[in-house]
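Each ligand, and each atom within it, is numbered from 1 in the order the structure gives. The first residue in the sequence is number 1, and the count goes up from there.
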Amino acid sequence: MTNKYMYFIANWKMFGRLNSLNSLNKVVKFSKNFKKKKFSKIIYCPPNTLLYPVIQKLKNTNIQIGAQNCHESQNFGPFTGSINSMMIKNIGAKYVILGHSENRKSGETDKLINLKIKSAINSKLKVIFCIGETLRDRKKKITRRILKKQIKLGLDKIKDKKNIIIAYEPVWSIGTGFVANNRDLSKSVAFIKKMIKNVKVLYGGSVNTKNIKELKFIKNIDGFLIGGASQNAKKFIDIIKKTYN
Ligand code: PGA
């Protein structure tokens, strides 16, 4: 585990004000001095209102920035309230989270997510593609079927998958404090890696400073997508440190 290259992605969701940027000082300092910095990639995904200020703040650091969603159209257009992948790229962000279950819940379909992924790839962004089963799926023991469907439809007609990172997030684990056991999680990760050659797979869902000691042992895991705990710089840093200890 110690020398493995790991991703740590902070998903701030709809949280954060301008003064939240102050908390990034700690993370910048940490990332500069961290012994394992060569083996870790830290990515911040703030809400759109903070994207540009965070990019400015993290200029000249090794921390990268991503958006939390984008419109499926790569062009400008009359879509009130939306931003597209080209606009995200234009301000200097490198990543975008797509297919998050919170957006699936509010109506995003696999087909729409597929269009968004294509647009993001065309704009030369890296995609953090979220997939995961609901509790109902899990109880019905159809987790694999769901993951397979989400991957097939989400990545339909996308040949080159080198800019896609999968975030496996069981929906029932997001923001709930409930986490599956490592055996089940390792099986899902293996299943995803079997479906997509050479893909990086991250785990997301209630990652915290305690359960990371266990979650870091998920077999072949390539990092973590961290929601709630990432809003607190100290906790976020602690999670990173504990991953390597
Ligand atoms: P959580 O969120 O860590 O708050 O569960 C994870 C996510 O939704 O990306």
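Of all protein heavy atoms, the one closest to atom 9 (O) of ligand 1 is E169 OE2, 2.8 Å. Among protein heavy atoms, atom 2 (O) of ligand 1 sits closest to K13 NZ, 3.1 Å. Distance from atom 4 (O) of ligand 1 to its nearest protein heavy atom, with residue and atom name: G228 N, 2.8 Å.
Within the 3.5 Å criterion, the main-chain N or O of E102 finds a donor-acceptor partner in the side chain of S106. Formation of a donor-acceptor pair under 3.5 Å by the N211 side chain with backbone atoms of S206 is found in this model.
Residue G227 places at least one N or O, backbone or side chain, under 3.5 Å from an N or O of ligand 1. Ligand 1 has a nitrogen or oxygen under 3.5 angstrom from a nitrogen or oxygen of N11. Backbone and side-chain nitrogen or oxygen atoms of G175 are examined, and one is located within less than 3.5 angstrom of a nitrogen or oxygen of ligand 1.
The nearest non-hydrogen atom to atom 1 (P) of ligand 1, considering only G132, S206, A167, comes from S206.
Classification of R138 and D184 as a salt-bridged pair holds, one side-chain N sitting under 4.0 Å from a carboxylate O. Using a cutoff of 4.0 Å between basic side-chain nitrogens and carboxylate oxygens, D110 and K152 are not scored as salt-bridged. A salt bridge is absent between E133 and R144: the closest approach of a Lys/Arg side-chain nitrogen to an acidic carboxylate oxygen does not fall below 4.0 angstrom. Between D222 and K193 there is a salt bridge, since at least one side-chain N of the basic residue sits less than 4.0 Å from a carboxylate O of the acidic one.
Within ligand 1, counting atoms from 1 as listed, the ones closer than 4.0 Å to a heavy atom of L225 are 9 (O). Heavy-atom contacts of H100 reach the following atoms of ligand 1: 7 (C), 8 (O), 9 (O) (cutoff under 4.0 Å).
G205 counts as a contact of ligand 1, since one of its heavy atoms falls under 4.0 Å from the ligand.
In terms of heavy-atom proximity, S119 sits nearest to E72 at CB-O, 3.3 Å.
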